[in-house]
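Every chain is numbered from 1 and lettered A, B, ... according to where its sequence line falls, protein lines coming before strand lines. Heavy atoms only: backbone and side chains are in, while hydrogens, waters and symmetry mates are out.
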2 protein chains.
Amino acid sequence: MDGQQVDADLDLYTLRPVGRVRSSLTRRDDCPRQGSEGAPEAWVEVDAAFADALDGLAAGGEVILLTWLHAARRDVLKVHPRRDPGNALRGVFTTRSPDRPNPVGLHRVDVLEIDARGRLRVRPLEALDGTPVIDIKPVFRESLDA
Amino acid sequence: MDGQQVDADLDLYTLRPVGRVRSSLTRRDDCPRQGSEGAPEAWVEVDAAFADALDGLAAGGEVILLTWLHAARRDVLKVHPRRDPGNALRGVFTTRSPDRPNPVGLHRVDVLEIDARGRLRVRPLEALDGTPVIDIKPVFRESLDA
């Protein structure tokens with residue numbers, strides 16, 4: 001691990017959660033495999049320390065949420081897609097399995113509401129309650145829609 | 001970086017680079033703001049320790065590369081979009097600025113070639129030479145194309 005300091009006492013490769021998901025999903029087995037498969041609305045609570053980074057964000061648009069799938073295994077390199085043993089094993093980089101070397105979740109969501117406390121109501125989000133949020137990005141055609 | 005580090009040794013929020021970008025881009029000022037703005041082809045060298053995670057990946061498709069923008073500042077919450085002082089300050093979560101609390105880069109790229117050493121030739125990629133790669137994900141309509 002590189003001991004270089006980046007900001008305050010952060011190590012180079014250390015993530016800093018900027019918020020948390022608040023969701024009715026409390027068990028991994030309850031989570032849809034994809035947001036489009038019945039994932040519920042959820043709230044994204046952004047820590048006050050990062051509120052300025054939301055400046056200019058408006059309800060009614062879409063964003064890409066990056067989460068840290070803290071319940072995932074990081075030592076898994078191949079999985080049966082959709083956890084179906086009938087599916088041949090494939091490398092996790094060809095799947096959206098939460099189990100992967102760096103379990104970053106990528107979620108395109110609609111921003112339905114931004115409340116007075118700066119919380120974002122979004123949907124659909126297939127992440128467990130309490131999942132750390134590590135970044136929020138705009139949806140740019142050139143980056144994601146080709 | 002240590003691709004062989006065992007899962008148990010990892011702190012919860014510590015990223016483990018799975019590879020590196022090899023690019024002609026060696027200065028941040030040379031990097032296009034978006035991949036679509038003249039970014040070159042680049043090679044993604046995946047560490048041998050993670051080669052199994054590529055199983056099933058084929059040239060000719062698209063993937064989402066997640067990188068760790070190691071040259072970025074992590075203490076910046078607002079920026080002038082496109083680094084133009086004429087643009088009003090906006091929260092970094094509404095921009096693709098590399099300067100953000102967790103500088104994860106998101107890049108949708110074409111996989112042009114996978115060579116015998118498991119390196120991926122991709123384009124376009126607006127990341128500096130040496131940028132750590134932290135994840136590779138498939139492009140799923142439900143996750144990214146709406």
Review point. If you measure from the Lys or Arg side-chain nitrogens to the Asp or Glu carboxylate oxygens, is any gap between B/E45 and B/R20 under 4.0 Å?
Key: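 Salt bridge absent between B/E45 and B/R20.
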Review point. Should the pair A/R96-A/E126 be classified as a salt bridge under the 4.0 Å nitrogen-to-oxygen rule?
Key: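 Yes, charged N to carboxylate O under 4.0 Å.
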Practice item. Start with the C-alpha distance between A/V111 and A/E62, add both sets of side-chain angles, then the distance that settles side-chain contact (heavy atoms from CB on, under 4.5 Å), and finish with yes or no. Key: CA-CA 6 Å; A/V111 179; A/E62 288 182 301; over 6 Å; no
Check your understanding: Does some side-chain heavy atom of B/L120 sit less than 4.5 Å from a side-chain heavy atom of B/E113?
Key ->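 Heavy-atom side-chain distance check fails, nothing below 4.5 Å.
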Practice item. Compute whether any side-chain donor of one residue and acceptor of the other, for A/N102 and A/R74, lie under 3.5 angstrom apart. Key: yes
What part of [X] gets closer than 4.5 Å to chain B, counting heavy atoms only: side chain, backbone, both or neither?
X	answer
A/L66	side chain
A/P132	side chain
A/A72	neither
A/K137	both
A/S97	neither

Exercise for review: With a 4.5 Å heavy-atom cut-off (strictly below), which parts of residues 84-93 of chain B touch chain A? List them by number.
Suggested key: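 Near chain A, by residue number: B/L89, B/R90, B/G91, B/V92, B/F93.
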Check your understanding: Run the side-chain contact (heavy atoms from CB on, under 4.5 Å) check on A/V46 and A/L54 step by step: do they pass?
Key -> CA-CA 9 Å; A/V46 175; A/L54 292 170; 3.9 Å; yes
Check your understanding: Is A/D115 reaching over with its side chain to a backbone N or O of A/G118, donor-acceptor style, under 3.5 angstrom?
Key -> yes
Review point. Who among B/I136, B/L77, B/T95 has the most heavy-atom pairs with chain A under 4.5 Å?
Key: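 Of the candidates given, the most pairs with chain A belong to B/I136.
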Practice item. Look at B/L57, B/V109, B/V104 and state which one has the largest set of heavy-atom pairs under 4.5 Å with chain A. Key: B/V104
**Study point:** Hydrophobic cluster membership, A/L15 vs A/I64, 4.5 Å side-chain cutoff
**Key:**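 Same cluster.
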**Study point:** Straight-line distance of A/W43 CH2 to A/R117 CZ, nearest 0.5 Å
**Key:**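 CZ of A/R117 is found 8.5 Å from CH2 of A/W43.
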